[in-house]
Amino acid sequence: MRLTALYTGWFSDVTYSTLPMPAQQPKDDIATLSQQSDAEVFLALRSGQVEALGILYDRHAPLVYGAALHYLKKTQDAEDLTQDIFLALAKGSSYDPTRGTLRTFLTVLTRSRAIDRLRSRSKLRQHVIQNSVMEVATPNLPVEHIVQVERSHEVQTALSQLPESEQQVLKLAYYEGFSQSEIASQLDLSLGTVKSRARRGLIKLRQTLADFIGKS
Amino acid sequence: MSLSMPSQQIQELIAGYVLGDLSPDEAVAVENLLAEHPDLIQEVAAVQQTLDLSYAPLEVAPPASLRARVLSASQPSSETQTRRAVAKPLQSSAPRRLLWGRAAGVAAATVIVALGIANYRLWQTLQSLQADRPEQPSLETPLTYTLEGTEIAQNAIAEIVVDPVTLNARLEVEDLPPLQSGQVYVLWTVVGKEAPFTTDDKGAILTQVFRVNDQGDFSGTLKVPSAYHTADRVTQLAVTIEDASIPQAHQGAMALTTVS
């Protein structure tokens, strides 16, 4: 496994890493498409432009594969799931660019399909996973038992500065994959409270990490 | 006009967009906002990156060969598969309001690997620390060992539960690859050559010879060596592939092993 830098600059200077590209004549429209937003490339994909899937793959496969590997552990399973996710995207998945970002959609989809695969494993396999210290994120486990995602020091510090109530909602919504109405009933809060806590927490993180993100 | 620090309301809309929790009215508001201020796409990407950094598992580049497999699998295999290629425009009240990226000329994707190699190594260390360990025994508590598949048997998994007093054990194995005739799987208990037990030259005691069914599974009870009376004598369990006529030769490749 290799980590490959996708973008060496932040917004002002976007360059691409040396991920392998298919051997084809560079066309003006591919070059143009590759500079466009996820929403535009997704629309191109839906309208049948063949280059579009490759562009989205190059941008987001490490996110999908990294998450698949995180849940499924085995590289073969992670590869199969990654293929599954991108084919679903190509076939006209339920992604709606007016409702959210593609990256969040892909993260949520990858997590839920990974958990489905884990659940369909045999009893022995589930039993073994539960016995071992490798815990698996499923909605039945309390939040504290979730596998810790490794984070840099800056991110960890920023997270620890958030009120516990906001951390909890963000974790449940984004990391655990609960819908906000599920969270509202779990925590006995109104839907509006859940929504505002998640958003406020994310805004605070964005402000705290502004320098950190700007640096990369 | 560019906004150096978006207002509170705009920030909440953008956060909601990234979280995917917009109400239908809010979705319309976001569309309008981004159409009028295309530079806000940078803010969207920054908030996305914040969320990914905080809660997404570490990004890992997949093997290079996967890209070609995915792209070829997505192509229609014949002329008759026209469904996928038919244009299906998104339901949007204002066509092309979404295409705010064009003006900014910036793709809304995020940087991750600024965090880089150090994090990947830490992840690897965490993986090995979290691997299963046999319990420290008391006389009443059964010993449970988990074995994981090696490169030649990536999906294989096994568990053996041992009564350290009676030395009765139950072995369950799943997803081992089928063997050629004339081969068997062998479970070894490794105690090391210095231990006060009779071992082969690899410090191992042949514990069980078995074959798997068509599904690659085996389950059964067996008697284990007396080394298990004192569990910390047992340093490793492993399963190898051996010649059925001479399983004790211990020459074959390892398919499963405990991870410590």
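Here is the naming used below: chain letters follow the sequence lines, and residue numbers restart at 1 for every chain.
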| task | Go through the steps for B:Ser54 and A:Leu170 under the test side-chain contact (heavy atoms from CB on, under 4.5 Å), then give the verdict. | result | CA-CA 10 Å; B:Ser54 307; A:Leu170 274 173; over 6 Å; no
| Any A:Leu159 side-chain heavy atom under 4.5 Å of B:Tyr55 side chain | yes
| query | Does the side-chain contact (heavy atoms from CB on, under 4.5 Å) test come out yes or no for A:Arg206 and B:Glu43, once each step is laid out? | reply | CA-CA 10 Å; A:Arg206 156 79 184 105; B:Glu43 185 61 20; 2.9 Å; yes
| query | Minimum heavy-atom separation for A:Leu87 to B:Val70, with atom names? | reply | CD2-O, 3.7 Å
| Is A:Glu79 salt-bridged to B:Arg67, cutoff N-O under 4.0 Å? | no
| Heavy-atom closest contact (B:Gly149 atom, A:Lys74 atom, distance) | O-NZ, 4.0 Å
| query | CG/B:Asp21 to OG/A:Ser179 distance, rounded to the nearest 0.5 angstrom? | reply | 11.0 Å
| task | List the steps, then state whether side-chain contact (heavy atoms from CB on, under 4.5 Å) holds for B:Glu148 with A:Lys73. | result | CA-CA 11 Å; B:Glu148 296 184 359; A:Lys73 313 296 183 195; over 6 Å; no
| request: Side chain from CB out, backbone as N, CA, C, O: work out which of these in A:Leu205 comes under 4.5 Å of a heavy atom of chain B, or both, or neither. | output: both
| A:Asp77 versus chain B, the contacting section by heavy-atom distance below 4.5 Å | side chain
| remark: In short, A:Ala90 meets B:Ser74 closest at the heavy-atom pair CB-CB, 4.3 Å
| field | Minimum heavy-atom distance A:Leu202-B:Ala15, with the two atoms named | value | CD2-O, 4.0 Å
| Portion of A:Gln76 that has a non-hydrogen atom of chain B nearer than 4.5 angstrom | both
| task | Please answer whether the main-chain N or O of A:Gly100 pairs with a side-chain N or O of B:Tyr17 as donor and acceptor at a distance below 3.5 Å. | result | yes
| said: Looking at A:Arg200 and B:Glu12, is any side-chain nitrogen of the basic one under 4.0 Å from a carboxylate oxygen of the acidic one? | reply: no
| field | Salt-bridge present (A:Arg199, B:Glu26; N to O < 4.0 Å) | value | yes
| task | Please assess A:Thr104 against B:Leu19 for the test side-chain contact (heavy atoms from CB on, under 4.5 Å), listing each intermediate value before the final yes or no. | result | CA-CA 7 Å; A:Thr104 299; B:Leu19 286 166; over 6 Å; no
| note | Bottom line for A:Ala173: the part with an atom under 4.5 Å from chain B's heavy atoms is neither
| query | Which heavy atom of B:Pro57 sits nearest a heavy atom of A:Gly66, and at what distance? | reply | CB-O, 4.2 Å
| Under 3.5 Å side-chain donor-acceptor pair for A:Thr101 and B:Gln48 | yes
| message | In the structure I gave you, are the side-chain heavy atoms of A:Tyr65 and B:Pro63 within less than 4.5 Å of one another anywhere? | response | yes
| Got A:Val50 and B:Gln75 here, is their nearest side-chain heavy-atom distance under 4.5 Å? | yes
| query | Between A:Arg99 (side chain) and B:Leu22 (backbone), is there a donor-acceptor pair under 3.5 Å? | reply | yes
